[in-house]
There are 2 protein chains.
Amino acid sequence: MSSHDAIALLRTQSLTNLVHEELEQRIATGQLLPGAPLREAAIATDMGISRGPVREAFRMLEERGLVMFEKNCGVRVRQLDLQQATQIYQVRIPLEGLIGELVTRTLTSEAGEQVRQVLDQMAEKVAHQDVPAYTELNFRFHDLLARFTGNAALYDTYRRLVVQLKLFRSYTFRHDPETIGISLQEHNAIFEAITSPDTSLAGELLRRHAEDSLTRLCAASGSA
Amino acid sequence: MSSHDAIALLRTQSLTNLVHEELEQRIATGQLLPGAPLREAAIATDMGISRGPVREAFRMLEERGLVMFEKNCGVRVRQLDLQQATQIYQVRIPLEGLIGELVTRTLTSEAGEQVRQVLDQMAEKVAHQDVPAYTELNFRFHDLLARFTGNAALYDTYRRLVVQLKLFRSYTFRHDPETIGISLQEHNAIFEAITSPDTSLAGELLRRHAEDSLTRLCAASGSA
DNA sequence: TTATTGCATATTGTTGACAATTTACGATAT
DNA sequence: ATATCGTAAATTGTCAACAATATGCAATAA
């Protein structure tokens, strides 16, 4: 890292932010599972810092709905039951519709190209039946769409919900080698829609896409 | 306060939470205006506590989008420009639709009665041309609806956005003695809708209600 | 007069220590 | 054997002090 980068880092980053990002990453990737306790002292000494910044990061994670404080008992990664996951999906569905409408209007050619690249990679993962990699790209696809709406409030709101969904135990098992093929087709249709002049089509597709995800989630959860 | 209450308080509340609630209240009521700096030491000594809990509360407020950290420069109440407020409304509109649909299905008679009471008070304030009191009741009306959907994720998401809107300077001036009359009629119609068997009507009305609010906000902001 | 340098002050970022509470475990009495 | 009490360890909640950075002002030089 150049000294210029180091200066920029020190100017913008605090230990609290670093801890926050690290822990959110661990939660999102499943390194930290729902229900797992987070001990301040252990994390602080692991990272070679004091407990203050760790506690501040905990508060940020709490507000994001990723951990829960139990006074004098510590912090745990939040657990979501099926009902809570369903309720989050209920909120997500109309937001997907809005994302579709807005992104269809605002998408630039460079942004569209970026989405297409993700889509190409998804097709490759389907061909190789690589479900974990496909799942990650799937997440990136929808994240890009939300970001390219240019509406920061929408992106924040959307991202909040999506990250919280990862706290539902069955969420990781949404896809298998069979369903990713169907999923890819849906994503292709969505891409066509957002690059078309029809402003309502993509919204409709994305809404239905989210509804289908919810259905699959309930099915997988019911049988588990 | 009884000792029982005191025990319950100590068991669930931390200084951090108290500071957080106090500051959010001050921001929401306009005691702390957008752009105002928040000094850790001053708040801590004012409340007779140390800076630690204050900093933790700051982090929570940051995640709620109510304050902004500028490293080594302190924390300020966030300022919203018209575009940001518009974007928040864009997200709010479909959520209002969802709230209408869900609350129509789930509203109990006791909950409905609570909403009616607020509505009665609103009518009274209109008769007395008490705009500030009406504005507060208006907020409570919509807050109740969101809560009575029974969807915690929806309520959190909705409340986040609504509180953030208060950071837009012209937001307080949405209403005047003329418009609260019209507003009251709209709320009456909404109440009728949520107590009717038509599950889509309330959603439609609430969506339009939010759209109108946005229009009024832009108009007021443009002329200011 | 204006711009710049340097210092004093104020504020934030971080740390380590102390107080309070919970949890676990063993001793004791029934 | 079981239940209860009490102590010890671990963990969190809070605090006060230290270090680093930014801000404001005065002095100085062009």
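By convention in this document, chain letters (A, B, ...) are assigned in the order of the sequence lines, proteins followed by strands, and residues within each chain are numbered from 1.
Going from atom CG of A/Leu18 over to atom C1' of C/dT14 covers 13 Å, rounded to whole Å. Rounded to whole Å, the distance from CZ on B/Arg51 to P on C/dT11 is 11 Å. The nearest whole Å value for the distance from the CG atom in A/Asn17 to the P atom in C/dT14 is 9 Å.
Among the heavy atoms of the strands, none lies under 4.0 Å from B/Gly52.
Looking at which nucleotide of DNA chain C each of A/Asn72 and A/Ile49 is closest to, the 5′-most match is held by A/Ile49. Nearest-nucleotide mapping onto DNA chain D: of B/Lys71 and A/Cys73, the residue sitting toward the 5' end is A/Cys73.
A cation-pi geometry, defined here as NZ or CZ lying under 6.0 Å from the six-membered ring centre and within 45° of its normal, does not hold between A/Arg147 and A/Tyr158. Figure legend: B/Arg55 and B/Phe69 shown without cation-pi pairing, the cationic atom not lying both under 6.0 angstrom from the six-membered ring centre and within 45 degrees of its axis.
Under a 3.5 Å cut-off, the side chain of B/Glu136 and the backbone N or O of B/Ala133 do not form any donor-acceptor pair.
A/Tyr89 and A/Tyr171 have tilted rings, their planes meeting at an angle from 30° to 60° on a 0 to 90° scale.
In this structure, A/Arg39 does not reach the D/dT12 phosphate: none of its side-chain N or O atoms is under 4.0 Å from OP1 or OP2.
Side-chain atoms of A/Arg55 lie closest to D/dT14 of the nucleotides D/dT14, C/dT12, C/dT14.
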